[in-house]
Amino acid sequence: MKQLIFLGISFVVTIVAFIAFIIALPIPETTSDDKIEVSADVQEVEKGLEETPEEKAEREEEEAEEKALAEQKAKEEAEAQAKAEEEAKKQAEAKLKEESVPREYKAALKTAQSYAELMNMSKAGIYDQLTSEYGENFPAEAAQYAIDNINFDWKENALKTAQSYAEMMNMSDSAIYEQLISEYGEKFTPEEAQYAIDNLE
């Protein structure tokens, strides 16, 4: 009888110890990230279950449009950057080129610009004036550099010169034209002279 009682007590103690051990075990915590991930998965599943074919097609179309817009924006940004780099490269090359130009060449170019702006001369007329021993007496190379690098509206110069002849000397159109293209006159090209005659007022 005593043995049965002892066995019963031992069994009860074992059960109590096992329960205490189970209770003492740490309960794994659910992190906020796990909760967010589970929540997102649940929402995705619910979304998939709730979406109609039309809604799914519309969502996919919106996603495709957003992707296309993002790609277009990235492309435009890349093109703008490439353009800016190319412009910076051109400016650096132009600056380097300008720094390597001899002083006399630069002086010839400035003189040519003055003749073009103030005296409405033709390109050929300016070249002759730059190289003439009775004019500026620049070397031919410097004068050619000036002519090659001057940027001007020669047709407009021809027109202004034609107007001066018409107003001050009352010349005919044909006489003005001949004077404009003459080797001993203004030395404008036939195209420039014709533009002047066509636009005389």
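Please read all numbers here as calculations on a predicted model, not as lab measurements.
- Side-chain contact check for Glu141 versus Tyr105: some heavy-atom pair is nearer than 4.5 Å.
- Between atom OH of residue Tyr134 and atom CD of residue Gln129 there is a gap of 12.5 Å, rounded to the nearest 0.5 Å.
- Taking both residues in full, the closest heavy atoms of Met121 and Trp154 are given as O-CZ3, 3.3 Å, listed atom of the first, atom of the second, then distance.
- For Ala143 against Leu130, the heavy-atom pair with the smallest separation is CB-CB, 3.9 Å.
- One distance of note links CD of Gln72 with NZ of Lys75; it measures 6.0 Å at 0.5 Å rounding.
- The pair Glu63-Arg59 counts as a salt bridge, with a side-chain nitrogen and a carboxylate oxygen less than 4.0 angstrom apart.
- A 4.5 Å side-chain heavy-atom check between Glu71 and Lys67 finds at least one atom pair inside the cut-off.
- Taking each heavy atom of Ser122 and Gly125 in turn, the nearest pair found is OG-N, 3.0 Å.
- The heavy-atom pair separating Ala193 from Ile181 by the smallest distance is CB-CG2, 3.4 Å.
- Thr189 meets the side chain to side chain donor-acceptor pair (under 3.5 Å) test with Glu192; sequence neighbours excluded.
- Nearest heavy-atom pair, Ala146 versus Ala112, reported as atom, atom and distance to 0.1 Å: CB-CB, 4.0 Å.
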Pairs under 3.5 angstrom only: tabulate donor-acceptor contacts from the side chains of residues 168-176 to other protein residues two or more places apart or in another chain.
{"from": "Ser172", "atom 1": "OG", "to": "Ser174", "atom 2": "OG", "distance (Å)": "3.3"}
{"from": "Ser172", "atom 1": "OG", "to": "Ala175", "atom 2": "N", "distance (Å)": "3.2"}

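- Atom NZ of Lys110 is separated from atom OH of Tyr115 by 16.0 Å, given to the nearest 0.5 angstrom.
- Rounded to the nearest 0.5 Å, atoms CG (Leu180) and NZ (Lys187) are 14.0 Å apart.
- Checked against Lys155 for a side chain to side chain contact (heavy atoms under 4.5 Å, CB included), the options Leu159, Asp153, Asn157 give a single hit: Asp153.
- Under a cut-off of 6.0 angstrom, the local environment of CD in Glu104 is crowded, with over 12 non-hydrogen atoms contributed by other residues, nucleotides or ligands.
- How far CD of Glu79 is from CD of Glu86: 13.5 Å, rounded to the nearest 0.5 Å.
- The cluster map of Ile, Leu, Val, Met, Phe, Trp and Tyr, joined by side-chain heavy atoms under 4.5 Å apart, puts Tyr165 and Leu118 in different clusters.
- A chain of hydrophobic side-chain contacts below 4.5 Å, direct or via other Ile, Leu, Val, Met, Phe, Trp or Tyr residues, connects Tyr127 to Leu109.
- To the nearest 0.5 Å, atoms CZ (Phe188) and CD (Gln179) are separated by 11.0 Å.
- Side-chain N or O atoms of Thr161 include one that pairs as donor or acceptor with a backbone N or O of Asn120 at under 3.5 Å.
- Taken together through direct or relayed side-chain contacts under 4.5 Å among Ile, Leu, Val, Met, Phe, Trp and Tyr, Ile126 and Tyr145 form part of one hydrophobic cluster.
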